[in-house]
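Data block below; observations after.
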Amino acid sequence: QVQLVESGGGLVQAGGSLRLSCAASGRTFTSYTMGWFRQAPGKEREFVARIIWSAGSTYYKDSVKGRFTISRDNAKNTVTLQMNSLKPEDTAVYYCAAGAGIGAAISSRAYRYWGQGTQITVSS
């Protein structure tokens, strides 16, 4: 059973930084793609970033490029989202997700496993 547990959410002022972590367990994740998604109140869940575990290749939503960095730690089975220069529009619940054999997918429908979510609030 795959389990994903996010941590690191909170309240930060605009321009600040936060680091989200996703602890993954229950599988060997070398064939997985790991993603971060977010959902703001009244809006649909949207893709933020993804990393293909084996290759380490990454992809980002345009609005977070240059500000967010996704990475994975093989030894700790952890995926991290480093968020810098945060903006009020980054406020949302952030979710870690995992999918096996989905390659470069960025659609939420491709990801089978989800964490419980962690709130990020950026004040102006």
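Note that the numbering runs from 1 along the sequence shown for the chain. This is a predicted model, so every value here is computed, not measured.
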field: Side-chain touch Thr33/Ile51, heavy atoms, less than 4.5 angstrom
entry: no
query: Does any non-hydrogen side-chain atom of Ser71 lie less than 4.5 Å from one of Gln82?
result: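 Side-chain contact under 4.5 Å: no.
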field: Residue pairs fulfilling ring-ring contact (aromatic ring centres under 6.0 Å, His included) with at least one residue in residues 3-32, sequence neighbours excluded
entry: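 The answer is Phe29-Tyr32, Phe29-Trp53.
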task: May I have all residue pairs that pass ring-ring contact (aromatic ring centres under 6.0 Å, His included) and include part of residues 95-124, sequence neighbours excluded?
output: Phe37-Tyr111, Phe37-Trp114
Would you say [Y] ends up clustered with [X] if hydrophobic residues are merged whenever their side chains have heavy atoms under 4.5 Å apart, either directly or through other cluster members?
X: Val12; Y: Met83; answer: yes
X: Val48; Y: Ile52; answer: no
X: Ile102; Y: Leu4; answer: no
X: Met34; Y: Phe47; answer: no

message: Test of understanding: with salt bridge (charged side-chain N to carboxylate O under 4.0 Å, His left out), list the residues that count as partners of Glu46, not counting sequence neighbours.
response: Arg38, Lys61
task: Can you sort out the partners of Arg67 under salt bridge (charged side-chain N to carboxylate O under 4.0 Å, His left out), two or more places apart, ordered by chain and number?
output: Asp90
Closest approach of [X] to [Y] (non-hydrogen atoms, all atoms of both residues):
X: Val122; Y: Thr91; value: N-OG1, 2.9 Å
X: Asn84; Y: Ser17; value: OD1-OG, 2.9 Å
X: Pro88; Y: Ala14; value: CD-CB, 4.1 Å
X: Ala49; Y: Leu81; value: CB-CD1, 4.2 Å
X: Leu20; Y: Trp36; value: CB-CH2, 3.7 Å

- request: Please identify each residue that fulfils ring-ring contact (aromatic ring centres under 6.0 Å, His included) with Tyr94, with sequence neighbours left out.
  value: none
message: Quiz question: by atom type and distance under 3.5 Å, do the side chains of Thr78 and Asp73 form a donor-acceptor pair?
response: no
field: Enclosure of Tyr60 OH (heavy-atom neighbours >12, cutoff 6.0 Å)
entry: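 Atom OH in Tyr60 is crowded, with more than 12 foreign heavy atoms closer than 6.0 Å.
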Donor-acceptor pair, distance only, cut-off 3.5 Å: does the side chain of [X] make one with the backbone of [Y]?
X: Thr30; Y: Ser54; value: no
X: Arg50; Y: Ser57; value: yes
X: Glu6; Y: Gln116; value: yes

query: Lys65: what forms a side-chain hydrogen bond (donor to acceptor under 3.5 Å, both in side chains) with it, not counting sequence neighbours?
result: Asp62
- line: In this structure, CG of Leu86 is separated from CG of Leu18 (nearest 0.5 Å) by 5.5 Å
query: In Å, rounded to the nearest 0.5 Å, how long is the span from OG of Ser123 to CD of Gln13?
result: 5.0 Å
